[in-house]
Amino acid sequence: MLAFELGTMFAPNGEIFDDETVRRLMDISEIKGMKHSSLDRLLELERLALRDAHRLTFVSIRGMIWGST
């Protein structure tokens with residue numbers, strides 16, 4: 001299972017979680033990773049640092065990986 005956070009620039013009901021929420025999501029073993037879509041490179045790096053400090057096996061998907069060539 002993957003978690004997903006989506007900025008409001010993509011959808012009006014989107015939400016970017018605070019660090020505590022992301023850390024708690026990492027505590028749920030069934031959640032293997034999270035897709036982050038905020039267009040904020042600094043926030044992406046902060047998510048990676050949180051992952052590195054809390055759960056290294058947590059997959060971090062970011063950027064436009066779904067796009068075509």
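For this chain, numbers begin at 1 and follow the sequence in order.
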Side chain to side chain contact (heavy atoms under 4.5 Å, CB included) between E44 and H36: does it pass, once the steps are laid out?
CA-CA 7 Å; E44 288 181 17; H36 173 86; 3.4 Å; yes
Quick one: [atom1] on [X] to [atom2] on [Y], what's the gap to the nearest 0.5 Å?
X   : Y   : atom1 : atom2 : answer
D19 : E46 : CG    : CD    : 6.5 Å
S38 : M9  : OG    : CE    : 6.0 Å
K32 : R55 : NZ    : CZ    : 6.5 Å

So which residues get pulled into L45's cluster when ILVMFWY side chains under 4.5 Å apart are joined, directly or through others?
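Hydrophobic cluster check, L45: joined to L48.
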I28: which other cluster members, linking ILVMFWY side chains closer than 4.5 Å, directly or transitively?
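Besides I28, the cluster holds M1, F17, V22, L25, M26, I31, M34, L50, F58.
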Taking the side chain as every heavy atom from C-beta outward, state whether I16 and R47 have any pair of such atoms under 4.5 Å apart.
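Touching, per the 4.5 Å side-chain cut-off.
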Report yes if some heavy atom in the side chain of F10 is under 4.5 Å from a heavy atom in the side chain of L39; otherwise report no.
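SC-SC contact between F10 and L39 confirmed.
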Closest non-hydrogen atom pair, D52 against L56
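Heavy-atom minimum between the residues: OD1-CD2, 3.7 Å.
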Would you call D27 and R23 a salt bridge, using N to O less than 4.0 angstrom?
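Salt bridge between D27 and R23, a charged N being under 4.0 Å from a carboxylate O: yes.
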